[in-house]
2 protein chains.
Amino acid sequence: MATMTAAQRREAARVGFDAYIAECPARQLLDRIGDKWVSLVVNALADGPQRYSDLRRRLAGVSEKMLTQTLRALERDGLLTRTVTPSVPARVDYALTPLGTGLLPLMQSIKAWAEEHMPEVLAARESYDAAAGNGK
Amino acid sequence: MATMTAAQRREAARVGFDAYIAECPARQLLDRIGDKWVSLVVNALADGPQRYSDLRRRLAGVSEKMLTQTLRALERDGLLTRTVTPSVPARVDYALTPLGTGLLPLMQSIKAWAEEHMPEVLAARESYDAAAGNGK
DNA sequence: CTGTATCCTATCTGATACTG
DNA sequence: CAGTATCAGATAGGATACAG
């Protein structure tokens with residue numbers, strides 16, 4: 001048959017759009033830097049190389065699992081390097097690559113926009129919630 | 001007692017840091033624009049006001065639930081307006097507010113960085129995976 | 001047309017315990 | 001010191017059916 005059911009057409013459109021989203025560079029980037037700990041790790045490393053335990057201390061709330069997972073993801077993406085010094089006890093240093101350093105100006109832009117406009121967003125949120133609260 | 005156990009100190013540090021993260025404007029912003037559909041909706045509305053069904057068509061893969069949820073969140077944050085025309089059938093238009101429009105340059109910066117550097121990231125990812133694959 | 005309600009799965013996140 | 005392994009709870013995301 002040359003025709004598809006409506007459900008099939010919708011499904012086909014969804015799959016195609018999902019593929020488009022998966023390839024969209026901007027969304028790939030947002031997926032990465034939107035991760036809870038990524039921006040914090042990158043910022044911590046902006047001050048220079050840090051050891052695993054330094055990072056764990058600076059990001060006081062991170063679990064070992066999430067820290068390791070975040071560092072591995074960033075290493076995989078070429079944003080930072082992992083250097084093992086096989087002394088006893090072992091020592092591992094993490095440092096931003098040039099690619100990772102190149103991310104800093106963008107993070108700065110995001111931070112600047114946030115600091116300038118998030119208060120408005122928060123105010124809007126409060127007034128929206130207040131209105132909804134009155135309705136109930 | 002003046003002292004806390006190690007576990008208590010860690011817990012206190014974690015709670016304090018979580019509070020800091022929750023207040024950090026940059027992280028709040030990333031949480032918002034990192035949502036899967038937010039950037040797509042904002043971009044779609046950059047071309048001008050759109051109706052609910054227009055958006056659903058343009059974002060082919062979105063479920064009604066996620067589209068509504070995303071639109072409500074953006075409305076709550078003062079980034080877009082929702083205008084109901086109570087005709088039959090009902091008609092609802094969504095449009096960016098000035099605050100929402102102000103987000104566009106930032107989105108553009110993100111897109112620009114992504115298009116310039118994501119190929120490097122993807123290449124790093126492939127070579128990392130290839131190396132890991134050899135090891136197994 | 002524009003949603004809301006329900007149910008279900010996948011993923012994310014974290015706590016805990018253990019290892020080289 | 002720097003992780004890995006495992007388990008459980010929370011949350012996001014989506015399919016489907018129904019309502020105003």
Side-chain angles (χ1 to χ4, degrees), chain A residues 5-15 17-18 21-22 27 30-32 34-38 40-41 49-75 80 82-94 132 135, chain B residues 5-15 17-18 21-22 27 30-41 49-75 80-94 132:
Chain A
T5 66
Q8 283 172 329
R9 271 198 308 278
R10 256 186 289 114
E11 172 66 7
R14 196 191 60 72
V15 169
F17 197 76
D18 278 359
I21 290 176
R27 275 240 38 89
L30 282 170
D31 275 348
R32 180 53 72 230
D35 275 0
K36 182 168 179 181
W37 300 104
V38 165
L40 297 161
V41 168
Q50 313 259 331
R51 299 179 55 175
Y52 184 86
S53 47
D54 294 334
L55 290 170
R56 191 173 41 185
R57 239 189 319 279
R58 283 183 66 147
L59 298 116
V62 72
S63 66
E64 293 173 350
K65 175 184 166 183
M66 292 314 299
L67 181 55
T68 300
Q69 192 172 304
T70 302
L71 290 168
R72 286 288 192 285
L74 293 176
E75 184 195 5
L80 57 76
R82 176 171 179 271
T83 309
V84 181
T85 307
S87 53
V88 175
R91 166 188 184 130
V92 182
D93 288 271
Y94 292 91
Chain B
T5 65
Q8 283 171 328
R9 272 198 308 277
R10 258 186 288 112
E11 172 67 6
R14 196 192 60 73
V15 169
F17 197 77
D18 278 359
I21 289 176
R27 275 239 38 90
L30 282 170
D31 275 348
R32 179 54 71 231
I33 65 178
D35 277 358
K36 181 168 178 180
W37 300 104
V38 166
S39 58
L40 297 161
V41 168
Q50 313 258 332
R51 299 180 55 176
Y52 184 84
S53 47
D54 293 335
L55 290 169
R56 190 173 44 185
R57 239 190 318 281
R58 283 183 65 148
L59 289 65
V62 72
S63 67
E64 293 173 349
K65 176 185 165 182
M66 292 316 297
L67 181 54
T68 299
Q69 191 171 305
T70 302
L71 289 168
R72 285 289 191 286
L74 293 175
E75 184 196 4
L80 57 76
T81 56
R82 177 170 178 270
T83 310
V84 182
T85 306
S87 53
V88 176
R91 165 188 183 131
V92 182
D93 288 271
Y94 292 91

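So you know, we letter chains A, B, ... as the sequences are listed, proteins then strands, and number each from 1.
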> Once you round it to whole Å, what is the distance between P of D:dA2 and CG of A:Leu55?
Replying inline: 9 Å
>> Rounded to the nearest 0.5 Å, what separates atom CG in A:Asp31 from atom CD1 in A:Ile21?
In response: 9.5 Å
>> It should be established whether A:Arg72 places a side-chain nitrogen or oxygen under 4.0 Å from OP1 or OP2 of nucleotide D:dG3.
In response: yes
> What distance do B:Arg51 atom CZ and B:Thr85 atom OG1 have between them, rounded to the nearest 0.5 Å?
Replying inline: 8.0 Å
> Angle, rounded to 10°, between the helical axes spanning five pairs at each terminus of the helix from C:dC1-D:dG20 to C:dG20-D:dC1?
Replying inline: 50°
>> I need the CZ-P distance between B:Phe17 and C:dG14, as an integer number of Å.
In response: 11 Å
> Which of the following nucleotides, D:dA2, C:dT2, D:dG3, is nearest to the side chain of A:Arg51?
Replying inline: D:dA2
> Nearest 0.5 Å, what's the CG-CD distance between A:Asp93 and A:Gln50?
Replying inline: 9.0 Å
> Rounded to the Å, how far apart are B:Leu67 CG and C:dT2 P?
Replying inline: 10 Å
> Run the side-chain contact (heavy atoms from CB on, under 4.5 Å) check on A:Met66 and A:Lys36 step by step: do they pass?
Replying inline: CA-CA 9 Å; A:Met66 292 314 299; A:Lys36 182 168 179 181; over 6 Å; no
>> Please determine whether a side-chain nitrogen or oxygen atom of B:Tyr94 lies at a distance below 4.0 Å from atom OP1 or OP2 of C:dG3.
In response: yes
> Rounding to a whole Å, what distance do you find between A:Asp93:CG and D:dG3:C1'?
Replying inline: 15 Å
> For the side chain to side chain contact (heavy atoms under 4.5 Å, CB included) test, which of A:Leu71, A:Thr83, A:Asp54, A:Val41 pairs with A:Tyr94?
Replying inline: A:Leu71
>> Rounded to whole Å, how long is the line connecting atom CG of A:Leu59 with atom P of C:dG14?
In response: 11 Å
>> Using side-chain contact (heavy atoms from CB on, under 4.5 Å), reason through B:Leu74 and B:Arg32 one step at a time and then give a plain yes or no.
In response: CA-CA 9 Å; B:Leu74 293 175; B:Arg32 179 54 71 231; 4.0 Å; yes
>> In this structure, how many angstroms lie between the P atom of C:dG3 and the CG atom of B:Leu71, rounded?
In response: 8 Å
> How many Å lie between CG on B:Asp31 and C1' on D:dT11, as a whole number?
Replying inline: 13 Å
> Is any side-chain nitrogen or oxygen of B:Ser53 closer than 4.0 Å to OP1 or OP2 of C:dT2?
Replying inline: yes
> So do the side chains of B:Val62 and A:Phe17 get within less than 4.5 Å of each other, counting heavy atoms only?
Replying inline: no
> Does A:Arg82 make a side-chain N or O approach to OP1 or OP2 of D:dA2 shorter than 4.0 Å?
Replying inline: no
>> Apply side-chain contact (heavy atoms from CB on, under 4.5 Å) to residues A:Leu40 and A:Thr70 and explain how you reach the verdict.
In response: CA-CA 10 Å; A:Leu40 297 161; A:Thr70 302; over 6 Å; no
> Could you go step by step and tell me if A:Leu30 and A:Arg27 meet the side-chain contact (heavy atoms from CB on, under 4.5 Å) rule?
Replying inline: CA-CA 5 Å; A:Leu30 282 170; A:Arg27 275 240 38 89; 3.9 Å; yes
>> Counting primed atoms plus P, OP1 and OP2 as sugar-phosphate and everything else as base, spell out the protein contacts along nucleotides 12-19 of chain D at 4.0 Å heavy-atom distance: B, S or - for each nucleotide, 5' to 3'.
In response: -BBB-B--
